[in-house]
K.L.:
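This is the structure I have questions about; it appears just below.
Since we're looking at a predicted model, the values are computed, not measured.
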Amino acid sequence: MAGKPEPAMRMSAGLLEQLRATDPASRVGAPQSEVDAAVLDEFLAAGVKFAASSPQMEARYYDAMRELIACIRPAASDTPILNEGGIYLGCWLESTGTINAELLSRFVPSVAQATFAGFAEHQREDGLFPYKLTAGGPAFSQIQMVTPLARSVWNHYLLNGCDRSFLSRMYAAMAWHDAWLAGHRDTRGTGGVEAFCAYDTGHDLSARFWHVPDSPYGNDPALWNRHNPILPLIAPDLTANIACQRGYLAMISEELGGDGTEWREKAKRSQAALHEQCFDAEDNFFYDRDRLGRFVKVQSDVLLRVLACEIGDDAFFAQALERYLLNTRKFFAKYPFTSIALDDPRFDPAFDYNSWCGPTNFLSLIRAPHAFEHHRRHVELTWVMQPTLAALFRSQRFAQTLHPFTGREGFTEAYSPAILCLLDFVERLCGIVPRPDGELWFNGLVPEAGEHRFVDHETAYSRTVDGHRFELVNQSAGCMALRDGELLFMAPAGVRVVTDRAGALRSIVGLSADTIEGPLQTPQGTVQFRTGPNEELRLEGDRLVRAHGPDLVPPTY
């Protein structure tokens, strides 16, 4: 790098002062219990604060923090854990105990760890995990799995100090649960994982499960109704879950000093079964296979679930984006993603009850980033985050669903996936994200209005990492980051600046459909760069060198 950095953006000073003057504790309000006080203290220790030129954005952010704290309470034991919220009194394995807790891990890691551990603590004597934990105790009447637990546990472990005793305990429990599934949910001997009912995948009221019971036969997760003409179903999302789970169990085993070979072989067999049993090459889609060997041709968010389980290479993901996820006839509604395809005659956008037959569900939204980021589709992900945040910022409740055409909030309130979606998407769009691999992402975009007239928003964000206070200010003109009050970098808007946990520059990633060019300024000097969409430029010596891209999949119609 050569030259001296120019003075910091003059317009940043006011918003930075606003951020520093913000007291999250006063914005959240007085704790209602000792548990609330402890959770708030841990939140404050993370140094997470948000300021914006829009008072409404700021207000909704701290509403989310307040309501998230209220979702943390005991369930099935005296230990406070994350609860689903709204009408859902307890902690569900498909959501609260996996993806929700994985996101919470960046903000309140002790509660995230306790939430994961609760499923091991209440595991049944034959190895089955409870599908939910409630004040009445653990419940076992279905399996209800979506996000692989092992992935969430592994990311939490890497992000929060590598607690080996916790990892060892969870590994033993997850291996035991895997054995239960292999023994009870592959009755046809295909190598896949079978769904016995709608609740096994949490797809309540989805056309995917029309004429299939909600619960297993006799409310026993090992039984299905043999009088039903299509059961059991070989389920792509359940099979992909186990394939991904086994891959992460291999990594965990090796981290603990074991051999991951057997797990990797099992993962390969699960992936093979997924493609042999559930993949329709003509449609390029994954479907349930029924008892008669037929595909259940309902195009649902099963595709997104399978992709979030790291199934398929970059080319396959790009095809899925073009044909389905970014197709406005399929899942890319104005407020994506719909729970079944828009062009399916069974699609129903009704959003005022718990439905997976059309409306946009916040669980789909918080599960999506892993799939996009795994394949380095960072720009395309912003097209999902922007309308979602616009809807959340103007909402009055943190609901389970959104109307896919209007963005109006639907069923229930104080729902932790929606709350965490706001916190997560703010951080991924215009905040500072600590990553399990040891990176920090400084994201240089601003929220968009989404409807009506253009508004030039500005935001500021802070986070404490390893005792250092990092701050980021975003404007349409550019972004500026500081470390312990000293300039870290300045860059044009529309890029992600990646550092290590100490703030040492590693790379730049293009977050815009446009080509971004200009100076990256640091106390060490200035370097000019030019980056296209999804392009990554890595720092090698004093030069930025292309490591990936550029590449972009535009929306289709």
Side-chain angles (χ1 to χ4, degrees), residues 18-52 55-75 77-86 88-91 96-97 99-118 133 135 156 159-161 163 366 392-393 395 397-398 413-428 430-434 459-472:
Q18 181 179 328
L19 176 73
R20 291 173 175 175
T22 298
D23 177 14
S26 64
R27 299 294 297 268
V28 168
Q32 301 300 302
S33 67
E34 291 184 5
V35 170
D36 289 0
V39 171
L40 178 58
D41 285 346
E42 190 168 349
F43 222 127
L44 297 177
V48 172
K49 295 198 289 185
F50 176 68
Q56 185 178 7
M57 284 184 184
E58 257 193 48
R60 289 305 282 156
Y61 185 89
Y62 293 104
D63 288 345
M65 188 183 291
R66 180 188 314 109
E67 295 196 35
L68 180 63
I69 292 170
C71 286
I72 296 169
R73 61 179 73 94
S77 72
D78 295 332
T79 303
I81 61 174
L82 182 62
N83 282 241
E84 190 80 353
Y88 303 103
L89 305 178
C91 176
T96 341
I99 185 59
N100 298 15
E102 184 175 338
L103 299 182
L104 183 68
S105 183
R106 301 208 307 266
F107 302 98
V108 192
S110 71
V111 174
Q113 182 157 313
T115 304
F116 295 134
L133 305 171
H156 167 81
L159 191 60
N160 293 289
D163 183 341
I366 63 174
L392 283 166
F393 283 139
S395 67
R397 292 177 289 110
F398 290 103
E413 61 185 354
Y415 184 61
S416 67
I419 296 166
L420 285 160
C421 187
L422 188 149
L423 298 178
D424 179 52
F425 281 16
V426 163
E427 199 159 87
R428 290 180 194 271
C430 57
I432 304 165
V433 182
T459 66
Y461 196 86
S462 69
R463 182 178 261 287
T464 300
V465 179
D466 299 338
H468 296 290
R469 185 180 79 254
F470 292 94
E471 297 164 312
L472 175 66

K.L.:
Taking I81's backbone N and O only, do any of them form a donor-acceptor pair with T115's side chain (distance below 3.5 Å, no angle check)?
P.N.:
no
K.L.:
Return the minimal non-hydrogen interatomic distance between L82 and A101, and the atom names on each side.
P.N.:
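For L82 versus A101, the nearest heavy atoms are CD2-N, 4.1 Å.
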K.L.:
Check for me whether the distance between the ring centres of F43 and F107 falls short of 6.0 Å.
P.N.:
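Ring centroids of F43 and F107 are less than 6.0 Å from each other.
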K.L.:
Would you give the length of the straight line joining atom CG of L422 to atom CD of E427, rounded to the nearest 0.5 angstrom?
P.N.:
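Between atom CG of L422 and atom CD of E427 there are 11.5 Å.
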K.L.:
What's the shortest heavy-atom distance between I72 and V35, and which atoms?
P.N.:
O-CG1, 3.8 Å
K.L.:
Nearest 0.5 Å, please: how far is CG in D424 from CG in L103?
P.N.:
4.5 Å
K.L.:
In Å and rounded to the nearest 0.5 Å, what is the CD to CG distance from E67 to L420?
P.N.:
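It is 11.5 Å, given to the nearest 0.5 Å.
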K.L.:
How far apart are the closest heavy atoms of A52 and E58, and which atoms are they?
P.N.:
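In this case the closest contact between A52 and E58 is N-OE2, 3.0 Å.
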K.L.:
Mind checking whether Y88 and Y415 have parallel, tilted or perpendicular rings, split at 30° and 60°?
P.N.:
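Aromatic pair Y88/Y415 classed tilted.
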K.L.:
Are any side-chain N or O atoms of Q56 and backbone N or O atoms of F393, one a donor and one an acceptor, separated by less than 3.5 Å?
P.N.:
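Answer holds: yes.
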K.L.:
Side chains of E84 and N100: does their closest heavy-atom pair fall under 4.5 Å?
P.N.:
yes
K.L.:
How many angstroms lie between CD in E42 and CD1 in I69, if you round to the nearest 0.5 Å?
P.N.:
10.5 Å
K.L.:
Any heavy-atom pair between the side chains of L159 and P434 that's under 4.5 Å?
P.N.:
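Counting from C-beta outward, P434 and L159 do come under 4.5 Å.
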K.L.:
Once you round to the nearest 0.5 Å, how far does CZ of R66 lie from CZ of R27?
P.N.:
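Going from CZ on R66 over to CZ on R27, the span is 8.5 Å.
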K.L.:
Give me the atom names and distance for the closest heavy-atom approach of V111 to L104.
P.N.:
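Heavy atoms of V111 and L104 come nearest at CG1-CD2, 3.7 Å.
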K.L.:
For A21, is there any backbone N or O sitting under 3.5 Å from a side-chain donor or acceptor partner on D23?
P.N.:
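No, because the side chain of D23 does not come within donor-acceptor range (under 3.5 Å) of the backbone of A21.
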K.L.:
State, to 0.1 Å, how close A75 and L133 come at their nearest heavy-atom pair, and which atoms those are.
P.N.:
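So the two residues come closest at CB-O, 3.7 Å.
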K.L.:
Output, in order, the C-alpha distance, side-chain angles, deciding distance and verdict of side-chain hydrogen bond (donor to acceptor under 3.5 Å, both in side chains) for Q113 and D163.
P.N.:
CA-CA 10 Å; Q113 182 157 313; D163 183 341; 3.2 Å; yes
K.L.:
When rounded to the nearest 0.5 angstrom, what distance separates CZ in F398 from CG in L392?
P.N.:
6.5 Å
K.L.:
Indicate yes or no: at least one non-hydrogen side-chain atom of L19 is less than 4.5 angstrom from one of F50.
P.N.:
no
K.L.:
Any idea which heavy atoms bring N160 and S105 closest together, and the distance?
P.N.:
ND2-OG, 2.7 Å
K.L.:
Are K49 and R469 close enough that some pair of their side-chain heavy atoms sits under 4.5 Å apart?
P.N.:
no
K.L.:
Report yes if some heavy atom in the side chain of I419 is under 4.5 Å from a heavy atom in the side chain of C71; otherwise report no.
P.N.:
yes
K.L.:
Apply side-chain hydrogen bond (donor to acceptor under 3.5 Å, both in side chains) to the pair R60 and S395, showing each step before the final yes or no.
P.N.:
CA-CA 8 Å; R60 289 305 282 156; S395 67; 3.1 Å; yes
